[in-house]
Chemist: 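Quick one: the structure is below, and I'll ask about it shortly.
None of these values were measured; they are calculated from a predicted model. We name chains A, B, ... by the order of the sequence lines, and we start the count at 1 in each one.
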2 protein chains.
Amino acid sequence: MKDVAAAAGVSLKTVSRVVNGESNVNDDLRSAVLESIAELGFRRNASARDLRQGRSGTIGLLLEDVADPFYSMLSRAVEEVAREHGTMVFAGSSAEDPDRERDLALAFCERRVDGLIIVPAGTSHSYLLPEMRAGIPAVFVDRPPGDIEADMILTDNLGGSRRGVEHLLGHGHRRIGFIGDAPEIYTAGERLRGYREALESAGIAFSDDLVTQAPPSPTSTADALDRLLEGPSPATAVLCGNSRTTVSVLRELARRSARLALVGFDDVELGDLLQPGLTVVAQDPGAMGAAAARLLFQRIAGDTAGPTQTVTIGTRLIPRGSGELPAP
Amino acid sequence: MKDVAAAAGVSLKTVSRVVNGESNVNDDLRSAVLESIAELGFRRNASARDLRQGRSGTIGLLLEDVADPFYSMLSRAVEEVAREHGTMVFAGSSAEDPDRERDLALAFCERRVDGLIIVPAGTSHSYLLPEMRAGIPAVFVDRPPGDIEADMILTDNLGGSRRGVEHLLGHGHRRIGFIGDAPEIYTAGERLRGYREALESAGIAFSDDLVTQAPPSPTSTADALDRLLEGPSPATAVLCGNSRTTVSVLRELARRSARLALVGFDDVELGDLLQPGLTVVAQDPGAMGAAAARLLFQRIAGDTAGPTQTVTIGTRLIPRGSGELPAP
DNA sequence: ATGAAAGCGCTAACAC
DNA sequence: GTGTTAGCGCTTTCAT
């Protein structure tokens, strides 16, 4: 910038004014400056600017896994909103590791991101308190933060799950299984609650025998199906607590050539091409990402006075066949 | 940092030494400093550090679409390698828009990223020359850059496509269609070449009637299938040029209850659960991302002397049923 | 409308 | 082993 100023025969400040599109610059000088800029291939150094201004025009996005379709759609939605605000996005994957989450979050803070969007992996987030007090707002997505209060964007897990079970009940099923993720995971717990509530509202006793809670794996899924399908009164339908579980169950059912009415939580690409088509309770990761980003930019803009907000995003039941198989 | 120094009763430089883990600091002073750091909630300002050091510990990753499974897997692989190098990743989607690609790339440069990984959308990249000369290395992935020379990581599109067609030929097919993406797209062109070569090697005349090149859409796919299936000697098999096309073709075939041997380029989640299972020529986006990142960090580390490199990553044919349907 | 000077928070280079 | 000084490239403030 100094070089540009010298080449154009003006002061540093004039160049700065031109670069920042300030209006009060003589047209002749402006064009001289622009010319020198083009000639020298000058590009403003954002680090210097950030240092001086105290803000960076970046946000940090902390996901469980950038490669997971759910999070990558969320990510794209965040990116689009950030773009509207002239902001770039740092993305990182916690890989469900609380330490890695923390390291990444603090690295983002060190980079002086203007704000943070976090899908929490850990259960404690007090490590963020100093940063938040120092003016870095954080919005949590998909799961609530551990031991602090903060804005969050959640799916209506309970309602969606309830809806899925009601759908199966509506098709005559009475023995409905639930195969969900590990109970520590917030969404898994909520979805189990929804399952339970739907049964209870229908006057059907909840039975532990029909419930499995474990990280999806071929073995755990096989075990779960064993438990559901054996015995005197086998399950005729199942609600899968997340998409990995759904896929795992579909594979296992295909292997056994078994049929079971099935509703999955979370949509799955190509679900419509399966036979039967996969009925799902679909979340809207795009809506969640957009909502998180909008709320974050609201906070960044200074709307920091109000209480923390919780936005709940609804689900959509998409019937495609597997959830409409009638009870025998 | 100044505050920390004051609180600990040492000089700025000593704090800096502690923060950077330099060894030549007295243990007493070190612990005093660490205490003050904890007390004050100090976190080093990366902007200031970057400004001083001239490097930022960040790289820019420019994809077509962060939400596309292919790119999101690539993205994750890049992230993992970057992590090994203590580097954060800016990710952005060009949305196949050359202007947006350019804006993002230059915004990354303004942020003084240490390097750039680009899936090019546009056909001209000379805008990067000044930046590259200024010391920001760039590695192109999936498609070559437009009008500059640079490192690139490509899939063996030609070989993979050839392999797919040979597979269909091996199952007795002689009328094999090709439905690919728009001809401007590099990968689409290469895959068509592979199709063509395979036919020619088998002594089968190439026929324009069997080829469609268009962005996948329900209409274009329906048209393509019309052309393939009507007439006196309809196609008995088809090679789909990318996963969006594959999905589109599968939907259309399902709608018509038509059957056609099919090999898709690019793997698709749940391809094994379809009936018949989907035979694909699988790319390895993770390997591509990792290779790109490794090469980039090599360049960043100063290995800038050698000539530009082109790394070609092989494909894998995964037979699952659809590609093994015999010719009538 | 333009410019000069100070300083953002840090590290490199050089004392001591 | 520790401290001092200068300066990275920009914006802010204040003067003209």
Side-chain angles (χ1 to χ4, degrees), chain A residues 1-34 36-37 40-58 86 106-114 130-131 134-136, chain B residues 1-34 36-37 40-58 86 106-114 130-131 134-136:
Chain A
M1 191 144 145
K2 204 172 55 182
D3 299 342
V4 174
V10 299
S11 83
L12 202 73
K13 179 63 212 180
T14 301
V15 179
S16 171
R17 286 194 175 105
V18 171
V19 169
N20 292 300
E22 292 173 34
S23 51
N24 46 351
V25 178
N26 180 298
D27 276 354
D28 290 352
L29 290 191
R30 159 167 283 119
S31 38
V33 167
L34 287 174
S36 303
I37 285 178
L40 298 175
F42 165 82
R43 189 142 346 261
R44 176 177 58 193
N45 183 320
S47 303
R49 171 177 234 243
D50 294 350
L51 177 57
R52 191 59 240 241
Q53 296 197 142
R55 60 181 297 286
S56 67
T58 64
L106 292 179
F108 288 154
C109 291
E110 188 166 307
R111 291 244 133 72
R112 294 300 188 268
V113 293
D114 299 333
E131 315 298 333
I136 301 184
Chain B
M1 190 145 146
K2 204 173 52 183
D3 299 342
V4 175
V10 298
S11 84
L12 204 72
K13 181 63 210 178
T14 300
V15 178
S16 171
R17 286 193 174 103
V18 172
V19 169
N20 291 299
E22 290 174 36
S23 53
N24 46 351
V25 178
N26 179 298
D27 276 353
D28 291 350
L29 290 191
R30 158 167 285 117
S31 38
V33 168
L34 288 174
S36 305
I37 285 178
L40 298 175
F42 166 81
R43 189 145 338 267
R44 177 177 60 194
N45 183 320
S47 303
R49 171 177 233 245
D50 294 351
L51 177 58
R52 189 61 241 236
Q53 298 200 141
R55 60 181 295 287
S56 65
T58 64
L106 293 179
F108 288 154
C109 292
E110 191 166 286
R111 292 247 133 73
R112 292 300 186 269
V113 292
D114 298 333
E131 316 297 334
I136 301 184

Chemist: Tell me the interatomic distance from B/Arg30, atom CZ, to D/dG1, atom P, rounded to whole angstroms.
Modeler: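 Distance, rounded to whole Å: 11 Å.
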Chemist: So do B/Phe42 and B/Val19 actually touch side chain to side chain, heavy atoms under 4.5 Å?
Modeler: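 Result yes, sub-4.5 Å side-chain heavy-atom pair found.
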Chemist: Below the 4.0 Å mark, does D/dT11 have OP1 or OP2 next to a side-chain nitrogen or oxygen of A/Arg49?
Modeler: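 For D/dT11, OP1/OP2 do have a side-chain N/O of A/Arg49 under 4.0 Å.
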Chemist: Please write out the pairs of protein N or O atoms and N or O atoms of nucleotides 3-5 of chain D separated by less than 3.5 Å, giving the distance to one decimal.
Modeler:
from	atom 1	to	atom 2	distance (Å)
D/dG3	OP2	B/Ser11	N	3.1
D/dG3	OP2	B/Ser11	OG	3.2
D/dG3	OP2	B/Thr14	OG1	2.5
D/dG3	N7	B/Arg17	NH1	3.4
D/dG3	O6	B/Arg17	NH2	3.0

Chemist: Applying side-chain hydrogen bond (donor to acceptor under 3.5 Å, both in side chains), name anything that partners A/Ser11, two or more places apart in sequence or on another chain.
Modeler: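 Scan of A/Ser11 (side-chain hydrogen bond (donor to acceptor under 3.5 Å, both in side chains), adjacent residues dropped) gives A/Thr14.
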Chemist: Residues of residues 20-28 of chain A with any non-hydrogen atom less than 4.0 angstrom from an atom of DNA chain D: list those, numerically ordered, please.
Modeler: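 Listed by number, they are A/Asn20.
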Chemist: How many Å lie between CG on B/Asn45 and P on D/dC8, as a whole number?
Modeler: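 Whole-Å distance recorded here is 18 Å.
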Chemist: Which residues pass the side-chain hydrogen bond (donor to acceptor under 3.5 Å, both in side chains) test with B/Ser16, not counting sequence neighbours?
Modeler: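 If we apply the side-chain hydrogen bond (donor to acceptor under 3.5 Å, both in side chains) test to B/Ser16, skipping adjacent residues, the hits are B/Asn20.
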Chemist: List the residues meeting salt bridge (Lys or Arg N to Asp or Glu O under 4.0 Å) with B/Asp114, not counting sequence neighbours, and say none if there are none.
Modeler: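 Per chain and number, B/Asp114 pairs via salt bridge (Lys or Arg N to Asp or Glu O under 4.0 Å) with B/Arg55.
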Chemist: Taking only residues two or more places apart in sequence, or in another chain, which ones meet A/Ala107 in a side-chain contact (heavy atoms from CB on, under 4.5 Å)?
Modeler: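 Applying side-chain contact (heavy atoms from CB on, under 4.5 Å) to A/Ala107 gives B/Met88.
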Chemist: So, taking the atom named CG in B/Asp50 and the one named CG in A/Asp50, what distance separates them when rounded to the nearest 0.5 Å?
Modeler: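 B/Asp50 atom CG to A/Asp50 atom CG measures 9.0 Å (nearest 0.5 Å).
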Chemist: Taking all non-hydrogen atoms of both residues, which atom of A/Val25 and which atom of A/Arg30 are closest, and how far apart?
Modeler: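 So the minimum-distance heavy-atom pair works out to O-NH1, 3.6 Å.
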Chemist: Show every salt bridge (charged side-chain N to carboxylate O under 4.0 Å, His left out) that has at least one partner inside residues 40-49 of chain A, sequence neighbours left out.
Modeler: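 Non-adjacent pairs meeting salt bridge (charged side-chain N to carboxylate O under 4.0 Å, His left out): A/Arg43-B/Glu131, A/Arg44-B/Glu110.
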Chemist: If you take all heavy atoms of A/Ala8 and A/Ala32, which pair is closest and at what distance?
Modeler: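 Heavy atoms of A/Ala8 and A/Ala32 come nearest at CB-O, 3.9 Å.
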Chemist: Take the C1' atoms of the five end pairs on each side of the helix from C/dA1-D/dT16 to C/dC16-D/dG1, get both axes, and report the angle to 10 degrees.
Modeler: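 That helix has its two terminal axes inclined by roughly 30°.
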Chemist: Provide the start and end nucleotides, 5' to 3', of the part of DNA chain C that has atoms under 4.0 Å from heavy atoms of chain B.
Modeler: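 Range of nucleotides touched by chain B: C/dG9 to C/dA13.
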Chemist: Among residues at least two apart in sequence or on other chains, which ones pass side-chain hydrogen bond (donor to acceptor under 3.5 Å, both in side chains) with A/Asn24?
Modeler: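 With sequence neighbours excluded, A/Asn24 shows a side-chain hydrogen bond (donor to acceptor under 3.5 Å, both in side chains) to no residue whatsoever.
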Chemist: Tell me the salt bridge (charged side-chain N to carboxylate O under 4.0 Å, His left out) pairs involving residues 2-20 of chain B, sequence neighbours left out?
Modeler: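 Those involving residues 2-20 of chain B are B/Arg17-B/Glu22.
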Chemist: Not counting sequence neighbours, which residues clear side-chain hydrogen bond (donor to acceptor under 3.5 Å, both in side chains) with B/Arg52? List them please.
Modeler: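 B/Arg52: no side-chain hydrogen bond (donor to acceptor under 3.5 Å, both in side chains) contacts found.
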Chemist: Whole angstrom is fine here: how far is it from CD in B/Gln53 over to P in D/dG9?
Modeler: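 It works out to 13 Å between those atoms.
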Chemist: Working to the nearest 0.5 angstrom, can you tell me the gap between B/Asn26 CG and B/Ser31 OG?
Modeler: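 The OG atom of B/Ser31 is 8.0 Å from CG of B/Asn26, to the nearest 0.5 Å.
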